Q: 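One structure follows; several queries about it will come next.
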Number of protein chains: 2
Amino acid sequence: MFELLFQKLEEKIKLTEEEKKLSRSFFVPKKLRKKQYLLQEGDVCKYVAFVEKGLLRSYTINDKGQEHINQFAFEGWWIADQFSFLTREPSKYNIEAMEDCELLLLSKSSEDEMLDKIPKFERYFRILLQNNLIATQKRLVSSLSQTAEERYSELIQDCPTTLPHRIPQHMLASFLGITPETLSRIRRQIISKKAPHIEDNVQG
Amino acid sequence: MFELLFQKLEEKIKLTEEEKKLSRSFFVPKKLRKKQYLLQEGDVCKYVAFVEKGLLRSYTINDKGQEHINQFAFEGWWIADQFSFLTREPSKYNIEAMEDCELLLLSKSSEDEMLDKIPKFERYFRILLQNNLIATQKRLVSSLSQTAEERYSELIQDCPTTLPHRIPQHMLASFLGITPETLSRIRRQIISKKAPHIEDNVQG
DNA sequence: TCTGAGCGTTGATCTACATCAATGCTTTGT
DNA sequence: ACAAAGCATTGATGTAGATCAACGCTCAGA
């Protein structure tokens, strides 16, 4: 159950066997079936979750009932509503399993205790947040200054295999902040650019 | 010169007098006059800067020559291109003083040494990044799912005093990802909502 | 085996915001 | 004290992407 977590940890920090053993005790394993929720709007986000297996999405619902996906999390990634987790205020997000998932949950009190007893985790989470911040800033810049087509093209360039195969197109659209119709049209345009249309070539 | 920095540090971590004294040695004070640059596109971001005094902006220039502001930093805030600082790749950002500034610069090697000698700073920077991430995520969500008017209204609600007084309107527009013309029109609309137009009331 | 829901696609129309252009006010530098 | 640059505003027009509506395909469940 902890294989992937420790693999990821070792990329950033070196833990002794002692520390590994101890750190396990702070996590609670949890399985989630497709369409089950890790967090629902209005609830306080009690855990940050490490994804050992599966795929989740985090989304909001606006006053018109439209879903807006703002994050996906695969194997090897963390997911939570950082704001609600930190402040204990009710969350505006829903976090839902899109596939059957195996998660490792870390509660606030466990996190505090873990950081206290194994200070190396301060560094690990700092680096994690740093990378997350860089990625989020990049998305923000591109959402403010690029067209929908540019954003889609970059997304499938950065993530050519995973995203299109495991995530339905209308959810990708939502993640990019556009409608499914627009994404469909963008894809058609891109395809016709790559393989230019051969004009009717009627003989005679 | 270090008053504000230590005030801010104390909000997150407790330092001994010894540690305070030591930590000073890692920073390089730097004054910047209005319109001078802390970082220019193409250069590697060598420092994260704490702003003791003044105001800076971070922006990109796209292929059409348009500026896109993505961050402001006032007294008490940090500013840098995290990505370039981390990877040592050339930056895509320009960081420019909008007012005369007093900064405290921290180089990568100083940061590493400081984190090594005063591990409490791991926690400090982790918390800093966490808050920054939460704020950036909020901006991302709003840029993807709200109208320009909603974004502007929220901005002046969150920051009613500082922003409009120290930052010219066309830079606020750029920060919001809209044109100066659009922001001007939005402001007119908001004003006419607050103080509804009195219809011509010609007697007779 | 049928049925209904979910999904992607396409067309027609609408709208928020961009772009282009002009004007007048304020600030800056010499 | 003056010229020049920077800035906010307003109007006319253009456009990326949203919305509304319809259609066919696929697949899960009775």
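These numbers come from a predicted model, not from an experiment. A, B, ... follow the sequence lines: proteins, then strands. Residue 1 opens every chain.
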Q: To the nearest 0.5 angstrom, please state how far the CD atom of Gln130(A) sits from the CG atom of Leu128(B).
A: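 Those atoms lie 11.0 Å apart.
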Q: Scan residues 167-177 of chain B for pairs that pass side-chain hydrogen bond (donor to acceptor under 3.5 Å, both in side chains), counting only residues two or more places apart or in two chains.
A: Gln169(B)-Arg187(B)
Q: OP1 or OP2 of dT10(D) less than 4.0 angstrom from a side-chain nitrogen or oxygen of Arg187(B), does that happen here?
A: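 For dT10(D), neither OP1 nor OP2 has a side-chain N or O of Arg187(B) closer than 4.0 Å.
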Q: Measure the spacing between CG of Leu9(A) and OH of Tyr124(A) and express it to the nearest 0.5 Å.
A: 5.0 Å
Q: Reading nucleotides 14-30 of chain C 5' to 3', which nucleotides get B (base under 4.0 Å from a protein heavy atom), which S (sugar-phosphate only), which -?
A: ---SSBBB---------
Q: Is it true that a side-chain atom of Thr87(B) and a backbone atom of Phe83(B) form a donor plus acceptor pair closer than 3.5 Å?
A: yes
Q: Can a donor-acceptor pair be found, under 3.5 Å and without considering hydrogens, that links the side chain of Arg57(B) to the backbone of Glu96(B)?
A: no
Q: Checking ring-ring contact (aromatic ring centres under 6.0 Å, His included) for the pair Phe125(A)/Trp78(A): CA distance, chi angles, key distance, verdict?
A: CA-CA 11 Å; Phe125(A) 285 122; Trp78(A) 293 80; 5.6 Å; yes
Q: Can you measure Arg188(A) atom CZ to dA16(D) atom P for me and round it to whole angstrom units?
A: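 Atom CZ in Arg188(A) sits about 15 Å away from atom P in dA16(D).
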Q: Which atom pairs, one a donor and one an acceptor, fall under 3.5 Å between side chains of residues 132-145 of chain B and the rest of the protein, sequence neighbours left out?
A:
| residue | atom | partner | partner atom | Å |
| --- | --- | --- | --- | --- |
| Asn132(B) | OD1 | Thr136(B) | OG1 | 3.4 |
| Thr136(B) | OG1 | Asn132(B) | O | 2.8 |
| Lys138(B) | NZ | Asp158(B) | OD2 | 3.3 |
| Arg139(B) | NH1 | Asn70(B) | O | 3.0 |
| Arg139(B) | NH2 | Phe175(B) | O | 3.2 |
| Ser142(B) | OG | Arg139(B) | O | 3.1 |
| Ser143(B) | OG | Ser143(A) | OG | 2.7 |
| Ser143(B) | OG | Leu140(B) | O | 3.1 |
| Ser145(B) | OG | Val141(B) | O | 2.8 |

Q: If you look only at pairs with a residue in residues 98-112 of chain A, which of them pass as a side-chain hydrogen bond (donor to acceptor under 3.5 Å, both in side chains), with sequence neighbours excluded?
A: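 Every side-chain hydrogen bond (donor to acceptor under 3.5 Å, both in side chains) pair that includes a residue of residues 98-112 of chain A, provided the two are not neighbours, is Arg33(A)-Asp100(A), Glu99(A)-Arg166(A), Ser107(A)-Ser109(A), Ser107(A)-Ser110(A), Lys108(A)-Glu111(A).
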Q: More 5' along DNA chain D: Gln169(B) or Lys35(B), using each one's nearest nucleotide?
A: Lys35(B)
Q: Between dG17(D) atom P and Leu144(A) atom CG, what is the distance in whole Å?
A: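 Rounding to the nearest Å, CG of Leu144(A) and P of dG17(D) are 14 Å apart.
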Q: Given pairs defined as Watson-Crick or G-U wobble with both distances under 3.5 Å, what dot-bracket annotation applies to DNA chain C, with ( ) intrastrand, [ ] crossing, | other strand and . unpaired?
A: ||||||||||||||||||||||||||||||
Q: Side chain of His170(A): nearest nucleotide among dC7(C), dT9(C), dG11(D)?
A: dC7(C)
Q: Looking at Arg24(A) and Glu19(A), is there a salt bridge between them, counting it only when a charged N and a carboxylate O are closer than 4.0 Å?
A: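 Here Glu19(A) does not pair with Arg24(A) in a salt bridge, since their nearest N and O are not under 4.0 Å apart.
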Q: With a 4.0 Å cut-off on N to O distance, would you call Glu113(B) and Lys117(B) a salt bridge?
A: yes
Q: Would you kindly give the CD-to-P distance between Gln189(B) and dG11(D), to the nearest whole Å?
A: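 Gln189(B) atom CD is separated from dG11(D) atom P by 13 Å.
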Q: Taking the basic N atoms (NZ, or NE/NH1/NH2) and the acidic carboxylate oxygens, is any pair closer than 4.0 Å for Glu75(B) and Lys53(B)?
A: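 Here Glu75(B) does not pair with Lys53(B) in a salt bridge, since their nearest N and O are not under 4.0 Å apart.
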Q: Treat primed atoms plus P, OP1 and OP2 as sugar-phosphate and everything else as base, then score nucleotides 24-30 of chain D 5' to 3': B for base contact with protein heavy atoms under 4.0 Å, S for sugar-phosphate contact only, - for none.
A: -------
